Amino acid sequence: MYVADSRANNAPAVLPESQAVAPGIRPGRRAALAPTVLALGTVSLITDVSSEMVTAVLPLYLVAGLGLSPLGFGLLDGVYNGVSALVRLTGGHLGDRFGRHKALAGIGYGLSALCKPLLLLAHTLPAIGAVLALDRTGKGLRTAPRDALISLAAAPEDRGRAFGVHRAMDTAGALIGPILAFLILRGAAGGYDAVFTVSACVAALGVLVLVLFVPGRRAVPAPGAEPVSLRASLGLLRRRDLRRISLGALLLGLCTVSDAFVFLLLQRATGIADRWFALLPLGTAAAFFLLALPLGRLADRVGRRRVFLGGHLALLLVYGLLLAGGGHPALPYAVLLLHGGFYAATDGVLMAEAAGAVPEEHRGGGLALVQTGQALARFAASLGFGAAWTLWGARPALAVAAVLLAAAVACCVRLRPADA
Amino acid sequence: MTATPPTTTPPEAPSPADPSPLTPRRRMLILVSAVVLLAVVGALAFVRASSRADEKNHARAGGPAVSHGEVTLAPDGGGRRLVFRNMAWGPFRDELATVPADAPDGPRTASGVKCLRFHSAGGTGICLQAEAGAVQESYRAVVLDSHLKKIADRPLAGIPTRARVSPGGHLVAWTVFVGGDSYAGTDFSTRTSLLDLRTGKYDASLEDFTIRKDGETYRTADVNFWGVTFAADEKTFYATLATGGHTYLVRGDLAERTVTTLRENLECPSLSPDGTRLVFKKRVPGLSADAPWRLYLLDLASMKETPLAEERSVDDQVVWSDDRTVVYSLPGDFGADLYSLPADGSGAPARLMPSALAPAFLG
């Protein structure tokens, strides 16, 4: 089992940060990873297996299973991105307010788990779209409380590693899910219901691991402590450190070309055969999986901000390679490695850095603010890049994105914390 | 964890708000029982699906009689007939099969060649088929000669949805459906490819053609094409272009490598044998979102639309059985059934044959 039950039974559910590190740890030798982090990683791994099983077979199910052809139209529109941002902020804030990150995360995971059996009943495009929207709502709700739990369970100097482990496990699930789904379809042709049923069972297991092995409610608030108000949550942005981090994430997010465009541009630059196109996201995921932990540890050692900015330099290199093009056989591998490295150096590392700038009682809301700012910036970037492509063509649009990204990184280097 | 600094944290004791009565041993017990229970549920679902899949390999009582035999795509080979994907349960399921055009309900002759999508004209066939891969199923477009021998093939990037051969048999086109690469897989796109058998020229994606929209060159990443239909001159084609949430009828020119938008809200056009009319599926406002399409006729000279007499939503690219009649599929009890309908808005739909898909009228 992943979850070590080494803790004494009567220990408090979550130790205050200053006590989370066992005494007598020498520099250079690290404390064992908090069981909570492994438990949450396991939950994410299991949940991602479940959700990626569905993602992988959904197009096939729609076309071959239901005989529908949602040609060229998304099931969810852009409006949903706004709703999703609100849900995310809500999840983060409520977790703080009631001191119950675990309960909020549980509701989020539970909602998504519920969607899998619902897929067995939804046979029309609008119904399937509604189930997917509900699934995303669950994902939005759980993300900030889960990251708050990770940050609270790890010692401050180990947060990069903790998020690295979590993101690696999460990505591992995303790699396993599609394989499991296609093994089922191979054994039972047209057995989409079996895929959804197994996915539902896997998701239920994820929720159960969360309930059983992730410590619950934190200690009672000290007498006289103010309950966390919505105003205080939003007022977090008055903190100089958090404002700096959010601003940086926002600025860099605005220069991030979305995955779908990166893969499209990669195919154009290299002429990768169509049959390999579907495997490109797996390449990025594999690099993310391999690099998440090493880069998380590196962030703990040399500074999270540096690694975060370094990740964006990797993205800048991706743009550069795509612009340079050329038929070198190593080009696709280099691009995917750098692209996965970009995620490994930015996704969990940003949370590790932001956690340091938010007091414990505001952790969920603070992380949600940073995540939401970044997500909305990336969405805006995706719309902007699409428009630039229409106006100027693919290569000029990418060149502009590269210049903007370089400028944003330079800007963030100048925008360094006072104590650096 | 409290809001106050850790130094003032109360002494370590189980929080009263967290009953947490579970010992590690009990937790493991719950976990193991749950794993066993969920594994049983999952395994039952798999076994059920797999036996159901197996059932489809056995012929159903009351289903059409199917036997193995020779199927030819030659225009003069065996009179007026239909070649289609046989959907009837049994050993010949998914194989190309043929029946005489005047006895569509009669016994079927199956060829041994399996296709998901198929079309044929001028002695050439296009068959989009599945291939079992290492980790997942992949797909291949195979061009067939009149004896169903492979003369060309190409790998496909997604799930087959449409296929067409030009009247003279020199051009083939197909559309696949490429799944989303984002979380929850909601971004779907299509890829339409064209192959000229005279020159071997292959266009993997129509998106490389120059698009003329409202008199100007139009460029965007958000372009999808589907549903090609060819004219008798073996260079002009019509297709659907989707961009910015709208669909357009385009006329394409293979020599100039251009497509020009002609009209909005028109999908899966099918050109009449005389080249004067298109039957297409139209997204009609006010219909439910899961059955949004109706069949319409478009007269290319007057650009006048006429609704056809089919009340149901049709999600197919029709074929013309002659200059006055179209044939299309609707979901049936065993896959799909074929219906025929006058192409001028008169009459009523009539079921042509059960358990069949992707027909081509030959001879």
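Quick caveat: nothing in here was measured; it's all calculated off a predicted structure. So you know, we letter chains A, B, ... as the sequences are listed, proteins then strands, and number each from 1.
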Task: Within 6.0 angstrom of Glu216(B) CD, more than 12 heavy atoms from elsewhere - done: no
- [ ] Of all the heavy-atom pairs spanning Arg52(B) and Asp193(A), show the shortest one and how long it is.
- [x] NH1-OD2, 2.7 Å
Task: Interchain contact, Leu205(A) with chain B, by part (heavy-atom threshold 4.5 Å) - done: both
TODO: Could you check if a side-chain atom of Arg27(B) sits within less than 4.5 angstrom of a side-chain atom of Phe213(A), using non-hydrogen atoms only?
DONE: yes
TODO: Using non-hydrogen atoms and a 4.5 Å limit, figure out which bit of Leu391(A) sits close to chain B: side chain, backbone, both or neither.
DONE: backbone
Task: Shortest non-hydrogen contact between Tyr139(B) and Leu60(A), atoms and distance - done: OH-CD1, 2.9 Å
- [ ] Return the option, out of Pro359(A), Ala181(A), Ala387(A), Gly187(A), with the maximum number of heavy-atom pairs under 4.5 Å with chain B.
- [x] Gly187(A)
TODO: Can you sort out the partners of Cys115(A) under disulfide bond (SG atoms under 2.5 Å apart), two or more places apart, ordered by chain and number?
DONE: none
Open item on the list: Applying side-chain contact (heavy atoms from CB on, under 4.5 Å), can you list everything that pairs with Phe46(B), at least two apart in sequence or on another chain?
Closed with: Ile184(A), Ala188(A)
Open item on the list: Looking at every non-hydrogen atom in both residues, tell me the closest pair between Ala194(A) and Ala45(B) and how far apart they are.
Closed with: CB-O, 3.6 Å
Task: Which portion of Arg48(B) sits near chain A, non-hydrogen atoms under 4.5 angstrom - done: side chain
Open item on the list: What's the separation between atom OG in Ser50(B) and atom CZ in Arg186(A), rounded to the nearest 0.5 Å?
Closed with: 14.0 Å
TODO: With rounding to the nearest 0.5 Å, note down the distance linking CG in Leu38(B) to OG1 in Thr197(A).
DONE: 11.5 Å
Task: Structural part of Phe261(A) lying under 4.5 Å from a heavy atom of chain B - done: side chain
Task: Options Ala394(A), Ala388(A), Cys201(A), Gly191(A), ranked by heavy-atom pairs under 4.5 Å with chain B, top entry - done: Cys201(A)
Open item on the list: Counting only heavy atoms from other residues, nucleotides and ligands, does the tally under 6.0 Å from CZ of Arg268(A) exceed 12?
Closed with: no
TODO: Working to the nearest 0.5 Å, report the span between CG of Leu208(A) and CD1 of Ile30(B).
DONE: 7.5 Å
